[in-house]
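Below: the structure, in C-alpha cells.
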Amino acid sequence: MKMQSIVLACGLALAGLGGAAVAADVAGQVMIKDLYARAVPPGQPNSASFMMIKNTSDRDAALVSARSNVSQVTELHTHIMEDGMMKMRQVPRIELPAGQMVMLKPGGLHVMLIGLQQQLRPGDTVDLTLTFDDGSSTEVSAPVRKLQMKMMQGGMKHMQH
Ligand SMILES: [Cu+2]
C-alpha cells in the first residue's frame, strides 16, 4: 500500500484520478451472472441458489457469507463424494481467484437456503446479500427456476464426470 501511495503521488495524482488512491472493494469488482434459485414444492424446507461469479480484479478474493430474504439460515455449501455418495458440506468461504470465474452449480458449490419461510415458485425472486472477505457486500436478486435434474437427492454418480 505504501508503494502504491508513492506511485500515485509521483504520477497518477497529476491525472486527477480522485478515486484511484482508494482501492475498489471486492463487491465492486465481481460480476455475478446466470443467477437463479431452485424452485421447490410446498413443504420442502431447503433450496439452493446458483450463479457464476467472476472476480474481475487482479487480487484474489473470497465469498465468505450470504443472507437471503426467504430462509432462516443461508450457508455456503459444496458437494463432496464420500463412500460413493454425493454429500453436501458447509464451507467457510468460496475462493474467488483473481481474474477467474467460479461456478456455483448443482452438484458443486452453492448458496444453501435452509429453513424456507415461503414456497419458491418459478417467477418468484430471492434477494441475496453476498459478503466478501474484505467486508464489502453486494445485493442481487435470483429468479426462481425449476431444475429438471434431481441433483439434491443424492446418489448422482454420473455427475461430476
Ligand atoms: Cu447445500
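Since this is a predicted model, take the numbers as computed values, not measurements. Ligands are counted one by one from 1 in listed order, and the atoms in each one are counted from 1 as well.
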Next on the checklist: For residues 110-122, which residue pairs pass the salt bridge (charged side-chain N to carboxylate O under 4.0 Å, His left out) check, not counting sequence neighbours?
Outcome noted: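 Listed once each, the pairs are R121-D124.
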Checklist entry - Got a sec, which residues hit side chain to side chain donor-acceptor pair (under 3.5 Å) with R145, two or more places apart in sequence or on another chain? => result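 In terms of side chain to side chain donor-acceptor pair (under 3.5 Å), with neighbours along the sequence ignored, R145 is linked to no residue.
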Item to check | H79 and H110 aromatic ring geometry - parallel, tilted or perpendicular at 30°/60° bounds | outcome: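 Tilted: the ring planes of H110 and H79 meet at 30° to 60°.
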Next on the checklist: Checking one value in my table: which N/O/S atom of H77 lies closest to the Cu ion (ligand 1)?
Outcome noted: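 Atom name of the closest N, O or S in H77: ND1.
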Checklist entry - Below 2.8 Å, any N, O or S contact between M88 and the Cu ion (ligand 1)? => result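 So M88 counts as coordinating the Cu ion (ligand 1), yes.
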Item to check | Three-point angle H110:NE2, the Cu ion (ligand 1), M112:SD, rounded to the nearest 10° | outcome: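 Rounded to 10°, it measures 110°.
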Checklist entry - Minimum heavy-atom separation for N46 to V40, with atom names? => result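 Between these two residues, the closest heavy atoms are O-CG1, 3.6 Å.
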